[in-house]
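Positions are given from 1, in the same order as the sequence printed here.
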Amino acid sequence: SVIVAGYRRVYRSTDRGNSWIDISGELANGALIDLLALAPSNSDVVYAYNFNTIYKTNNATAGEDASWTSVLTPTSGITSISVHPNDENTIYLTRGGYNEGSKVFVSYDAGENWENISGSLPNVPANVIKPLADDNYDGALFVGTDAGVFYLDNTLEDWEEYGDLPHTEVSDIEFQYDNQLIRIGTHGRSIFEAPLPLNEC
């Protein structure tokens, strides 16, 4: 029943959108919030992004009394934020544009420090990243780019292209855990699904 929405402020509803509470005030000097990410492991933790800055609250359930801190991103042009399913302080960023070697970043301390994990991803925009919430897979990450989907886990030294997809813009990634499927949304090429990795750790 809980919904969070970002405009010039971040709003939170606990009744499926029938009523809303402003939980942030204006975070970015009146500018619109570009991205929101919620921590699956902790409903108090929300991240918001606007122009090179990530804002974080650790007490979203406090409503109007929620407090926020901010950190700078390691680069500009951020296209998505994702929070690790089991660790509220591990966050991932993707970057658009055509700066080679500057596509995906991870922070293990809520944005205080960043590591570039772009590896040999193709020099096209990276649009979305999703960590896999499954203990059978060791650090599994999927990233959607303008050239398809790529996969990385702790057993691999670099990203690998995932599946035989047309090289098209991937804008969304979701997992269907009951049937162990990954589903992706593309720009103009429909929705695709495939099995999740079978190499159990």
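Following chains of ILVMFWY side-chain contacts shorter than 4.5 Å, one cannot reach Ile54 starting from Val46, and the two form parts of different hydrophobic clusters. Each of Ile33 and Tyr11 belongs to its own hydrophobic cluster when Ile, Leu, Val, Met, Phe, Trp and Tyr are linked at side-chain heavy-atom distances under 4.5 angstrom. Put simply, Val106 and Phe150 are part of the same group of oily side chains (I, L, V, M, F, W, Y) that touch within less than 4.5 Å, one to the next. Put simply, Leu121 and Ile173 are part of the same group of oily side chains (I, L, V, M, F, W, Y) that touch within less than 4.5 Å, one to the next. Put simply, Ile182 and Leu156 are part of the same group of oily side chains (I, L, V, M, F, W, Y) that touch within less than 4.5 Å, one to the next.
Between the side chain of Thr145 and the backbone N or O of Val124, no donor-acceptor pair lies under 3.5 Å. With Asn179 contributing its side chain and Leu181 its backbone, the two residues share no donor-acceptor pair below 3.5 Å. In this structure a side-chain-to-backbone donor-acceptor pair under 3.5 Å is missing from Asp146 to Val170.
Smallest separation of non-hydrogen atoms from Trp159 and Val104: CZ2-CG1, 4.2 Å. Minimum heavy-atom separation, Ala110 to Val71: O-CG2, 3.9 Å. Of all heavy-atom pairs between Tyr55 and Leu27, the closest is OH-O, 3.0 Å. Residues Asn123 and Glu100 come closest through the heavy atom pair OD1-N, 3.4 Å. Taking every heavy atom of both residues into account, Tyr49 and Gly77 meet most closely at OH-N, 4.3 Å. When every heavy atom of Ser102 is checked against every heavy atom of Thr75, the shortest pair comes out as OG-OG1, 4.2 Å.
Between the side chains of Asn42 and Glu88, at least one donor N or O sits under 3.5 Å from an acceptor N or O. Asn59 and Asp65 form no side-chain donor-acceptor contact under 3.5 Å, judged by distance and modelled atom types alone. For the residue pair Thr79 / Asn127, no side-chain donor-acceptor distance below 3.5 Å is found, with atom types taken as modelled. Side chains of Thr61 and Asp44: a donor on one and an acceptor on the other come within 3.5 Å. For the 3.5 Å distance criterion, the side chains of Thr94 and Ser80 qualify, holding a donor opposite an acceptor.
Side-chain atoms of Asp153 and Leu141, non-hydrogen and from C-beta on, never get closer than 4.5 Å to each other. No side-chain heavy atom of Leu38 sits under 4.5 Å from any side-chain heavy atom of Val83. The side-chain heavy atoms of Gln176 and Asp178, taken from C-beta on, include a pair separated by under 4.5 Å. You'll find the side chain of Trp68 reaches within 4.5 Å of the side chain of Val10, heavy atoms only. Inter-residue side-chain proximity for Leu93 and Pro74 is flagged as met; some heavy-atom pair is nearer than 4.5 Å. With a 4.5 Å cut-off on side-chain heavy atoms, Leu132 and Tyr177 count as touching. Proximity of Ser43 to Val2: side-chain heavy atoms (C-beta onward) are nowhere separated by under 4.5 Å. A 4.5 Å side-chain heavy-atom check between His84 and Tyr108 finds every atom pair outside the cut-off.
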Ile91 vs Tyr47, side chain to side chain contact (heavy atoms under 4.5 Å, CB included): CA-CA, chis, key distance, verdict: CA-CA 9 Å; Ile91 54 177; Tyr47 293 88; 3.5 Å; yes
Test log, rule side chain to side chain contact (heavy atoms under 4.5 Å, CB included), inputs Phe175 and Lys130: CA-CA 9 Å; Phe175 303 123; Lys130 285 290 180 71; 3.8 Å; yes
Criterion side chain to side chain contact (heavy atoms under 4.5 Å, CB included) on Thr186 and Phe192, from CA distance to verdict: CA-CA 8 Å; Thr186 71; Phe192 294 82; 3.9 Å; yes
Verdict with reasoning, Arg95 to Ser76, per side chain to side chain contact (heavy atoms under 4.5 Å, CB included): CA-CA 7 Å; Arg95 186 185 188 209; Ser76 59; 3.7 Å; yes
Steps toward side-chain hydrogen bond (donor to acceptor under 3.5 Å, both in side chains) verdict (Asn116, Lys103): CA-CA 8 Å; Asn116 186 338; Lys103 306 299 175 185; over 6 Å; no
Worked verdict on Ser120 versus Asp158 for side-chain hydrogen bond (donor to acceptor under 3.5 Å, both in side chains): CA-CA 7 Å; Ser120 63; Asp158 204 348; 2.5 Å; yes
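A distance of 9.0 Å separates CZ of Phe51 from OG1 of Thr73, quoted to the nearest 0.5 Å. A distance of 9.5 Å separates CG in Asp172 from CD1 in Ile184, rounded to the nearest 0.5 Å. For the atom pair Leu35 CG and Ile78 CD1, the distance stands at 8.5 Å (nearest 0.5 Å). Remark: Ile23 CD1 to Glu64 CD distance equals 10.5 Å, nearest 0.5 Å. A distance of 10.5 Å separates CD1 in Ile191 from CD in Glu174, rounded to the nearest 0.5 Å. Within the model, atoms OG of Ser107 and CD of Glu112 stand 7.5 Å from one another, a figure rounded to the nearest 0.5 Å.
Residue pairs satisfying the side chain to side chain donor-acceptor pair (under 3.5 Å) criterion with at least one member in residues 25-36, sequence neighbours excluded, are absent.
Heavy atoms from other residues, nucleotides or ligands lying under 6.0 Å from CG of Asp164 number 12 at most.
Residues Tyr162 and Phe142 bring their aromatic ring centres within 6.0 Å.
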